[in-house]
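I have placed the structure first, in the form of structure tokens, so that the comments after it can refer back to it.
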Amino acid sequence: MISSQDLQFFAVVAASPSLAAAARALGVTPPAVTQRLRQLEARLKVRLAERSGRRLRLTAEGALLAERGAGVLAEMAGIAESIADRRQAVLGHLRVAAPFGFGRAYVAPAMAALKAEHPEVELTLTLFEDPAGSLSAGSWDVLVQVGPLADSALTLRRLAPNRRLLCAAPSYLARRGMPGRPEDLQAHDCAVIREDRADVTLWGFTHADGRRATVRIHPAMNSNDGGVVRRWGLAGLGIIQRSEWDVAADLRAGRLVPLLPGWRLPDADVVALLGSRTGRVARTERFLGILEGSLRPVPWRSGT
């Protein structure tokens, strides 16, 4: 007979490259892991893993136990969540993915507020520059994204308006001059955020009178970190394209200057995408309520 604790233990073992790694994940000593694994094998009368040197390899029976056990644990968690949801209890594991900068500035504080309100909830925040392109849908419950997403059947919730802005430091403009039209950008130093999903060197603009312009820029600098690109702009190294939420304070203070008045880049609203298994569980709804509350009024437009 095996218990849910046995399944949880073996799930950690199965996901670990060695018994030492499993011990670290479980917070126990390697001999304790070895002893418990032997006891489990004795009860089942099969060998679950081959221990050769420092490596750990599941047997066919071990792989079967890991696979079927994961399903059982997921079903048990689903039952507990369904019961908790009926009484609107905020507990369980909330997994959120978000971009580096926005995640640090707004998502992490909202998750901290959720934890302060409901200590029983477990939190995981994963930060990426491009979370939608970096994570599989099964690895998060809520994905916070700044900018457009590919078409999806998942539920999308708009959290706050946000524009993309073209700007540069006064020192750069004093040295290189002010571009008067989108085509002038080809003669300027530009910095871009490098993403796998998008052609980041093709910048599209719409004029107030309806005209459109698309410019292929040749980046002098690129990084996968938007914060780095912003710092390059502030240092006067080139023209940058950044989200309004990120540079609004710099524009108000005169550290950056907006460019190409009359021309507008595509908007990059802040949205939340809900995972297929999330539904309307209480912890998700409460987290989104806290996050939405922190974005009203819109901080980057209210001067806060």
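Note: hydrogens, waters and symmetry copies are ignored here, and every other heavy atom, side chains too, is used.
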Any chance you could measure [X], atom [atom1], to [Y], atom [atom2], to the nearest 0.5 Å?
X: R286; Y: L114; atom1: CZ; atom2: CG; result: 7.5 Å
X: Q5; Y: L7; atom1: CD; atom2: CG; result: 9.0 Å
X: N162; Y: W245; atom1: CG; atom2: CH2; result: 8.5 Å
X: R283; Y: K115; atom1: CZ; atom2: NZ; result: 12.0 Å
X: E244; Y: D269; atom1: CD; atom2: CG; result: 9.5 Å
X: I240; Y: L166; atom1: CD1; atom2: CG; result: 8.5 Å

I want to check something: taking the side chain as every heavy atom from C-beta on, are [X] and [Y] in contact at a cut-off of under 4.5 Å?
X: P179; Y: L260; value: yes
X: V96; Y: T126; value: no
X: R211; Y: W263; value: yes
X: L37; Y: F9; value: yes
X: V90; Y: E120; value: no
X: P161; Y: R301; value: yes
X: I290; Y: S294; value: no
X: I239; Y: C167; value: no

Please find the pair of heavy atoms, one from [X] and one from [Y], that lie closest to each other, and give the distance.
X: M111; Y: T124; answer: CE-O, 3.7 Å
X: I193; Y: G226; answer: CD1-CA, 3.6 Å
X: A22; Y: V12; answer: O-CG1, 4.1 Å
X: A98; Y: G103; answer: CB-CA, 3.9 Å
X: W300; Y: Y106; answer: CE3-OH, 3.7 Å
X: A66; Y: A14; answer: CB-CB, 3.8 Å

Are F10 and V46 connected into the same hydrophobic cluster when the rule is that any two of I, L, V, M, F, W, Y join if their side-chain heavy atoms are below 4.5 Å apart?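 Looking at the clustering, F10 is in the same group as V46.
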Do V13 and L64 sit in one hydrophobic cluster, given that two such residues count as connected whenever their side-chain heavy atoms are within less than 4.5 Å of each other, even indirectly?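 No; L64 is not reachable from V13 via cluster members.
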Which residue pairs satisfy the ring-ring contact (aromatic ring centres under 6.0 Å, His included) criterion with at least one member in residues 165-192, sequence neighbours excluded?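 Of all non-adjacent pairs touching residues 165-192, those that pass ring-ring contact (aromatic ring centres under 6.0 Å, His included) are Y172-H188.
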Using the ring-ring contact (aromatic ring centres under 6.0 Å, His included) rule, collect all pairs that involve residues 11-49, keeping only residues at least two apart or in two chains.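 Residue pairs passing ring-ring contact (aromatic ring centres under 6.0 Å, His included), neighbours aside: none found.
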Sequence neighbours left out, what passes salt bridge (Lys or Arg N to Asp or Glu O under 4.0 Å) with [X]? Give chain and number order.
X: R163; value: none
X: R104; value: none
X: E122; value: none

Check whether more than 12 heavy atoms from other residues, nucleotides or ligands sit under 6.0 Å from atom [atom1] of [X], and answer yes or no.
X: R43; atom1: CZ; result: yes
X: R68; atom1: CZ; result: no
X: E67; atom1: CD; result: no

Report the C-alpha separation of L259 and M178 in whole Å, then their side-chain angles, then the decisive distance to 0.1 Å, and conclude whether the side-chain contact (heavy atoms from CB on, under 4.5 Å) test is met. CA-CA 8 Å; L259 306 179; M178 180 85 71; 3.3 Å; yes
Assess the residue pair L256 and L234 against the criterion (side-chain contact (heavy atoms from CB on, under 4.5 Å)); give the C-alpha distance rounded to whole Å, side-chain angles, the decisive distance to 0.1 Å, and a yes or no. CA-CA 7 Å; L256 291 173; L234 290 168; 3.7 Å; yes
With side-chain contact (heavy atoms from CB on, under 4.5 Å) as the test, pick out the partner of V229 among P219, S223, C190.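 Running side-chain contact (heavy atoms from CB on, under 4.5 Å) over P219, S223, C190 with V229 returns exactly one hit, S223.
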Side-chain donor or acceptor of [X] paired with backbone N/O of [Y] under 3.5 Å:
X: R255; Y: A169; answer: no
X: D189; Y: A220; answer: no
X: H207; Y: D209; answer: yes
X: S16; Y: L19; answer: no
X: D6; Y: I2; answer: no
X: T59; Y: L48; answer: yes
X: R157; Y: L274; answer: no
X: N222; Y: V192; answer: no

Ion pair R164/D267, N-O distance below 4.0 Å: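 A salt bridge is absent here (no side-chain N lies under 4.0 Å from a carboxylate O).
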SB check E50 R55 (cutoff 4.0 Å):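 Salt bridge: no.
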Decide yes or no on ring pair (Phe, Tyr, Trp, His ring centres under 6.0 Å) for F128 and W140, but give the supporting numbers first. CA-CA 13 Å; F128 288 89; W140 46 265; over 10 Å; no
Tell me, with the steps shown, if S243 and D246 meet side chain to side chain donor-acceptor pair (under 3.5 Å). CA-CA 5 Å; S243 278; D246 192 29; over 6 Å; no
Between [X] and [Y], do the side chains contain an N or O donor and an N or O acceptor separated by less than 3.5 Å?
X: T206; Y: R212; answer: yes
X: R216; Y: T201; answer: yes
X: T284; Y: D141; answer: no

Filter on side chain to side chain donor-acceptor pair (under 3.5 Å), then keep only pairs touching residues 228-238, sequence neighbours left out; what's left?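 The answer is R230-D250.
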L288 and V142: side-chain contact (heavy atoms from CB on, under 4.5 Å), yes or no, with the steps? CA-CA 9 Å; L288 289 173; V142 180; 4.1 Å; yes
Decide side-chain contact (heavy atoms from CB on, under 4.5 Å) for V270 and R158; before the verdict, give the C-alpha distance in whole Å, the side-chain angles of both, and the deciding distance to 0.1 Å. CA-CA 6 Å; V270 182; R158 186 173 180 268; over 6 Å; no
